[in-house]
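Okay, structure first, notes after.
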Amino acid sequence: MKLRSFIPAEIEDVIAASPIKRVRTELGGSHTVVTYPPLGALERIDEGHDLETRLCTGKSLNLYFHIAYCEHICPFCHYAKTFSPIDAESSAVTSYMEALAGEIEMRRRVLMSSNISSIYVGGGTPTSISEDALDRLFDVIEQNVSAMPKNICVETSPQTAETLEGVEKLRRLKTRGMNRVSIGIQTSDNRLLLRSRGHGAGTMRRALDNVAALGIEFNVDFIQDLPDQTQDLIFKDLDVVKKYQPDQVTWYIMRPDTEAAWYKKVKNGDLTAGPDELESARRRFLINREMRSLGYRQDAGGRFVKAHEGYDIYKSVRNDTQSFLLGFGVSAYSHSPKGFARSVNDHKIKSGIAEYIRRINSGVSAIDAFFAMDSNENRCSQRIVALRRELTAAMLAGDDLDSVTARALVHRLVGWGLMTSKRGQTFRLTEAGLVYEEEITSLFYSQKVKRKLRQRDAYWLTEDLESYLLGEQAKLAS
């Protein structure tokens with residue numbers, strides 16, 4: 001059965017006519033609009049800055065810890081990581097974990113003076129390192145905070161979660177306070193898994209069985225538009241959701257960024273990044289609709305949460321610069337309403353790890369990139385967060401260029417059927433608009449951010465296209 005037969009004619013017409021199309025790269029430094037500002041807008045700063053103290057002291061604070069090791073390097077992944085066999089106690093892994101502990105101790109004053117709201121341990125694959133190493137990490141965290149939070153999430157992978165040793169590791173983490181696991185499945189198809197993940201569907205199923213048996217919340221990641229992925233395979237993925245009923249599903253669209261192995265292949269046309277633009281939009285509509293039919297509430301950034309479940313603190317914190325996040329480890333980022341900072345990040349990850357270790361061992365802050373958040377940038381950030389749920393007319397007010405641009409964009413999006421207006425006071429993305437959620441939210445970056453991204457060839461929207469989308473701003477403003 002053809003996918004278009006599943007889509008109401010009025011939705012199909014809006015999607016087909018939309019001047020907004022699927023973007024494969026250049027969202028600003030990530031595969032999704034997960035941060036504001038996007039990582040590509042940050043500027044390098046000299047080492048030695050103690051920005052975390054200025055950003056986060058005395059606040060309700062969320063913590064992120066980056067484990068930069070994986071048992072398999074996925075070609076679509078752009079996150080900072082390098083290969084290490086499962087449970088390897090190599091000198092490289094040991095040196096990195098010791099530096100991570102050192103960074104925690106360096107920030108003891110900030111941590112002890114803050115109320116810790118959540119902890120997220122990601123990567124990389126945290127469960128690829130040994131149980132002892134994870135235990136030592138949690139020991140150091142506990143020793144440097146006034147109280148451990150109720151919300152602790154750890155990422156895992158099928159290869160590390162399928163074995164008895166992996167199960168024991170997860171059970172141990174549960175005793176340390178972990179109450180949520182996030183596992184990257186990406187696809188349930190055996191052939192696609194073998195090509196991109198280094199394991200088959202049997203490993204995936206055993207890992208999901210083990211994670212579900214823990215008796216705690218779990219999130220499952222999928223990716224739409226993998227090369228050679230068909231609509232039938234998406235239905236197979238939906239069957240996995242139906243069987244395991246994870247508390248949350250995060251369904252990404254494949255957008256290999258510059259640090260992913262597949263990036264150059266996609267840019268050069270050597271690898272087809274899934275279906276064409278229109279078919280990709282149709283598939284996103286299908287996923288959105290089917291997930292709702294399975295009892296999930298659609299949330300921001302490709303997330304689907306069980307309708308009876310509540311707030312997802314982990315992803316929401318990372319999406320919103322009005323919250324306070326402090327990151328530890330190579331490439332980790334930190335943010336607050338005052339600014340957005342990122343620690344040492346290097347496309348050649350081993351040299352990045354070496355520089356991170358050098359800085360920490362020298363007693364120097366790992367932060368080396370920063371973006372100051374003023375009142376205008378905070379308004380843009382809040383608009384982007386609200387766009388994913390409900391945007392109010394009050395949030396569009398202002399005579400500055402970014403506010404005028406935002407009003408013009410909303411006017412155009414309503415006209416194209418991608419947004420709906422309720423008496424001109426509130427605005428929401430329509431079902432058709434939700435298939436282009438990431439592309440639409442990226443339109444609301446500030447002029448300053450767009451300029452920085454264009455200078456680095458990291459933004460999809462050309463100035464000519466933006467002029468077309470906005471139309472005659474002066475007329476709309478008047």
Side-chain angles (χ1 to χ4, degrees), residues 1-28 30-34 76 186-187 192 221-238 241 249-257 266 269 271-294 296 298-304 384 387-389 409-410 412-420 427-444 459-462 465-466 468-469:
M1 186 179 295
K2 295 294 185 182
L3 182 57
R4 68 183 60 196
S5 67
F6 287 85
I7 301 180
E10 61 272 20
I11 301 292
E12 171 79 17
D13 290 344
V14 171
I15 292 173
S18 170
I20 310 294
K21 302 298 181 185
R22 177 68 70 233
V23 174
R24 289 299 178 197
T25 57
E26 285 83 41
L27 276 176
S30 182
H31 57 290
T32 183
V33 183
V34 70
F76 49 74
Q186 320 311 357
T187 176
L192 297 186
D221 289 345
F222 285 100
I223 297 179
Q224 173 197 335
D225 294 353
L226 289 165
D228 299 324
Q229 186 182 45
T230 64
Q231 62 169 284
D232 289 338
L233 297 182
I234 290 177
F235 278 109
K236 284 178 61 177
D237 294 343
L238 287 161
V241 174
V249 176
T250 307
W251 217 306
Y252 296 107
I253 295 169
M254 195 186 103
R255 294 186 178 94
D257 205 72
V266 171
L271 179 69
T272 301
D276 62 30
E277 295 171 343
L278 184 55
E279 185 68 6
S280 174
R282 291 172 179 145
R283 292 183 184 183
R284 177 51 51 157
F285 175 85
L286 166 69
I287 290 168
N288 292 349
R289 187 197 66 179
E290 293 299 309
M291 288 298 294
R292 290 195 298 269
S293 74
L294 290 174
Y296 287 82
Q298 190 170 349
D299 207 345
R303 288 176 286 155
F304 300 87
I384 287 174
L387 266 168
R388 299 178 183 275
R389 295 182 177 89
L409 281 168
V410 167
R412 295 296 184 188
L413 291 165
V414 170
W416 294 326
L418 300 176
M419 290 194 83
T420 182
F427 306 90
R428 286 178 176 269
L429 293 176
T430 63
E431 285 193 277
L434 284 168
V435 306
Y436 296 120
E437 177 186 348
E438 304 301 325
E439 289 83 357
I440 290 172
T441 52
S442 74
L443 296 176
F444 288 78
Y459 189 49
W460 67 278
L461 189 65
T462 65
L465 180 55
E466 185 170 34
Y468 164 71
L469 294 178

Less than 4.5 Å apart, side chain to side chain, heavy atoms only: is that true for Trp460 and Leu443?
yes

Does Ile15 offer a backbone N or O that forms a donor-acceptor pair with the side chain of Ser18 under 3.5 Å?
no

Whether the side chain of Thr430 engages the backbone of Gly417 through a donor-acceptor N/O pair (distance < 3.5 Å, no angle test) should be reported.
yes

Hey, is Asp225 close enough to Arg24 for a salt bridge, meaning N to O under 4.0 Å?
yes

Mind listing the closest non-hydrogen atom pair of Ile440 and Gly433 along with its distance?
CD1-O, 3.6 Å

When you measure from the side chain of Gln224 to the backbone of Trp251, do you find a donor-acceptor pair of N or O atoms at a distance under 3.5 Å?
no

Tyr436 side chain vs Val23 backbone, donor-acceptor pair below 3.5 Å:
no

Looking only at atom types and distance, does a side-chain atom of Arg303 sit under 3.5 Å from a main-chain N or O of Ala300, one as donor and one as acceptor?
yes

Can you tell if the side chain of Phe76 reaches within under 4.5 Å of the side chain of Leu226, non-hydrogen atoms only?
yes

Lys/Arg N to Asp/Glu carboxylate O, Glu439 vs Lys21, below 4.0 Å
no

Taking atom types as modelled and ignoring hydrogens, do the side chains of Gln231 and Arg283 form a donor-acceptor contact shorter than 3.5 angstrom?
no

Over all atoms of both residues, closest heavy-atom pair of Pro227 and Met254:
CD-SD, 3.6 Å

Shortest non-hydrogen contact between Ile223 and Ile253, atoms and distance:
CG2-C, 4.4 Å

Step-by-step salt bridge (charged side-chain N to carboxylate O under 4.0 Å, His left out) determination, Arg284 to Glu279
CA-CA 9 Å; Arg284 177 51 51 157; Glu279 185 68 6; over 6 Å; no

Scanning both residues in full, the closest heavy-atom pair of Gly301 with Thr250 reads O-CG2, 4.2 Å

Please check this pair: side chain of Arg22 against backbone of Asp276, looking for a donor-acceptor N/O pair closer than 3.5 Å.
no

Are the side chain of Glu290 and the backbone of Phe235 linked by a donor-acceptor contact shorter than 3.5 Å?
no

Output yes when Asp299 and Arg388 qualify as a salt bridge under the 4.0 Å nitrogen-oxygen rule, no when they do not.
no

Begin from the C-alpha positions of Arg282 and Glu12 and carry the test salt bridge (charged side-chain N to carboxylate O under 4.0 Å, His left out) through to its verdict.
CA-CA 8 Å; Arg282 291 172 179 145; Glu12 171 79 17; 2.7 Å; yes

Test side chain to side chain contact (heavy atoms under 4.5 Å, CB included) on Ile20 and Leu418 and set out the steps.
CA-CA 9 Å; Ile20 310 294; Leu418 300 176; 3.9 Å; yes

